[in-house]
Amino acid sequence: MLVRVDFNVPEGDDTRIRAALPTITYLVERGAKVVLMSHLGRPKGAPDAKYSLRPIAARLAALTTHPVSFTESADFDALVAATEALAPGSILLIENTRFWPGEEQNDDGLARSLARLGDCYVNDAFGAAHRAHASTEGVTRHLRPSVAGLLMETELAYLGRALAAPARPFVAILGGSKISGKIDVVEALLPKVDAMLIGGAMACTFFRAMGLEVGRSLVEPDRVEMARDLLERAGTRIILPHDALVARGMDAPETAHAVKRDAIPSDEAMYDIGPDTARSFARAIASAKTVLWNGPMGVFETPPFDAGTLAVAHAMAEATGRGATTIVGGGDSAAAVARAGLGARMSHVSTGGGASLEFLEGKVLPGVAALDVVGA
Ligand code: ADP
Ligand code: MG
């Protein structure tokens, strides 16, 4: 069984490895020979010790009771022999798929070779599904059936249901640094949501569109016109912060203080939503039946600019407890939730940063489109 997983994990964070365990365990418990493949980092189509999956194999071995082996071989005859020698119910992790130049080019020869490593293909790498690479897309042309793994299925179920048939009220919370990276998500979600709460530096571009002075806050001047247009079309559905936590600089947290949004000092910048806004966002979340969150409310890496992000995370955790469906997408938002220890209190924390964004934009993910079977 050839299984594409997303083990593109930062050191010390096993979230994505744990998230792949249900599929791996399901297969080995049924006696499958499980051949795992993943990319890690951005090696340039050649072996690079820095990006070897060998340490990942050790981390996986520590998380499962089933035998895990690793091979750095790039020779397909040797790899096929290794997969055939594998005992049923055991796991073989092969080396970083991006060590092959053909991976990112979706080379058909590589895809055909990869297909020799199993008798069917399981894609559980939601986080890589937005890329048409040999291990995510090309391989499906040569190995059938190609099916979704359990993590892939869960991701698509939560994100898909939120877009297609959300329990209402449906509230989206968007933040992060750049509006340019999120504009397609804003456009795609706007017709679907009952309210869209906007924080992060993104809010400042909207403030500028409203004619407000934003001091030294991060603004994308070339997006101000677009923000103005969005505000006109959204009516009262877009909800912007009414106060801001500002400071002299990101590295001067001791100068932080809250101001009304129309009183941002010219020599300071907004680094978080203000406390009044945090409370009103929390109230909006409390009244929702579906909450979808992407992008931190502020520079959450540096207290006290994490307060707004933490308020949103806690409000979502409480909403989950009251029966709402709460979904977190986006790498930094997920990291903020994990750091607050609230991951288990969300209905779903997506393991796909870029992939979840593209899915929310309404794009077809090539790694998903290529599968024969997705979900039950
Ligand atoms: P995600 O990974 O969850 O999609 P993004 O990558 O879009 O989120 O944005 C996260 C980054 O945005 C964080 O590094 C955070 O520090 C930054 N950020 C949020 N608010 C602000 C702000 N007001 N000014 C500067 N940076 C901000
Ligand atoms: Mg990010």
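Each ligand, and each atom within it, is numbered from 1 in the order the structure gives. Not measured: the values here are computed from a predicted model. The figures here come from the full heavy-atom set of this structure, side chains too, leaving out hydrogens, waters and symmetry mates.
Ion pairing between a basic and an acidic side chain is recognised when a charged N comes within 4.0 Å of a carboxylate O; Glu187 and Arg233 show such pairing. Looking at Glu268 and Arg216, no side-chain N of the basic residue comes within less than 4.0 Å of a carboxylate O on the acidic one, giving no salt bridge. Ion pairing between a basic and an acidic side chain is recognised when a charged N comes within 4.0 Å of a carboxylate O; Asp243 and Arg261 show no such pairing. Taking 4.0 Å as the cut-off between side-chain N and carboxylate O, Arg237 and Asp194 do not count as a salt-bridged pair. Between Asp108 and Arg141, at least one side-chain N (NZ, or NE/NH1/NH2) sits under 4.0 Å from a carboxylate O, which counts as a salt bridge.
Using 4.0 Å as the threshold, Gly181 has no heavy atom nearer than that to any atom of ligand 1. Using a 4.0 Å heavy-atom cutoff, Met202 is absent from the residues neighbouring ligand 1.
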Margin query: Could you walk me through whether Thr205 and Glu220 satisfy the side chain to side chain donor-acceptor pair (under 3.5 Å) test, starting with their C-alpha distance in whole Å, then the side-chain angles of each, then the deciding distance to 0.1 Å, before giving a yes or no?
Written below: CA-CA 6 Å; Thr205 299; Glu220 289 171 271; 4.6 Å; no

Checklist line | Pair Arg168-Lys289, side chain to side chain contact (heavy atoms under 4.5 Å, CB included): steps then yes or no | finding: CA-CA 5 Å; Arg168 291 185 183 279; Lys289 289 268 168 46; 5.8 Å; no

Next item on the list: Evaluate the side chain to side chain donor-acceptor pair (under 3.5 Å) criterion for residues Thr351 and Arg16: first the C-alpha distance (whole Å), next the side-chain angles of each, then the deciding distance (0.1 Å), finally the verdict.
Entry: CA-CA 6 Å; Thr351 57; Arg16 281 178 167 178; 5.0 Å; no

Next item on the list: In sequence, state the C-alpha distance, the side-chain angles, and the governing distance for Glu95 and Thr71, and then conclude on side chain to side chain donor-acceptor pair (under 3.5 Å).
Entry: CA-CA 6 Å; Glu95 188 53 290; Thr71 173; over 6 Å; no

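The protein heavy-atom contact nearest to atom 21 (C) of ligand 1 is Ala201 N, 3.5 Å. Counting only heavy atoms of the protein, atom 14 (O) of ligand 1 lies nearest to Glu301 OE2, 2.6 Å. The single protein non-hydrogen atom nearest to atom 18 (N) of ligand 1 is Gly298 O, 3.8 Å, given as residue, atom name and distance. Regarding atom 12 (O) of ligand 1, its nearest protein heavy-atom neighbour is Ser177 N, 3.1 Å. Annotation: atom 6 (O) of ligand 1 to nearest protein heavy atom, Asp332 OD2, 2.9 Å. The closest protein non-hydrogen atom to atom 25 (C) of ligand 1 is Val299 CG2, 3.7 Å. Ranking protein heavy atoms by distance to atom 7 (O) of ligand 1, first place goes to Lys182 NZ, 2.8 Å. At the shortest separation from atom 9 (O) of ligand 1 among protein heavy atoms lies Gly176 CA, 3.2 Å.
Remark: ligand 1 atoms within the under-4.0 Å shell around heavy atoms of Tyr271 are 23 (N). Close approach of ligand 1 to Gly295 (heavy-atom distance below 4.0 Å) involves ligand atoms 3 (O), 8 (O). Each of the following atoms of ligand 1 lies closer than 4.0 Å to a heavy atom of Ser333: 1 (P), 3 (O). If you number the atoms of ligand 1 from 1 as listed, the ones under 4.0 Å from a heavy atom of Pro296 come out as 3 (O), 8 (O), 9 (O), 10 (C). Listed by number with element, the atoms of ligand 1 under 4.0 angstrom from any heavy atom of Met270 are 22 (C), 23 (N), 24 (N). Interface of Gly200 with ligand 1, defined as ligand atoms under 4.0 Å from a residue heavy atom, comprises 20 (N), 23 (N).
Polar contact with ligand 1: absent for Asp272 (N/O pair, distance under 3.5 Å).
Take the N/O/S atoms of Asp332: the one nearest the Mg ion (ligand 2) is OD2.
Taking both residues in full, the closest heavy atoms of Ser350 and Ser356 are given as OG-CB, 3.6 Å, listed atom of the first, atom of the second, then distance.
Cation-pi geometry between Arg208 and Phe206 is not met at under 6.0 angstrom from the ring centre and within 45 degrees of the axis.
Within the 3.5 Å criterion, the main-chain N or O of Arg131 finds no donor-acceptor partner in the side chain of Glu137.
The proximity of Asn294 to ligand 1, defined as any non-hydrogen pair under 4.0 Å, is limited to the side chain.
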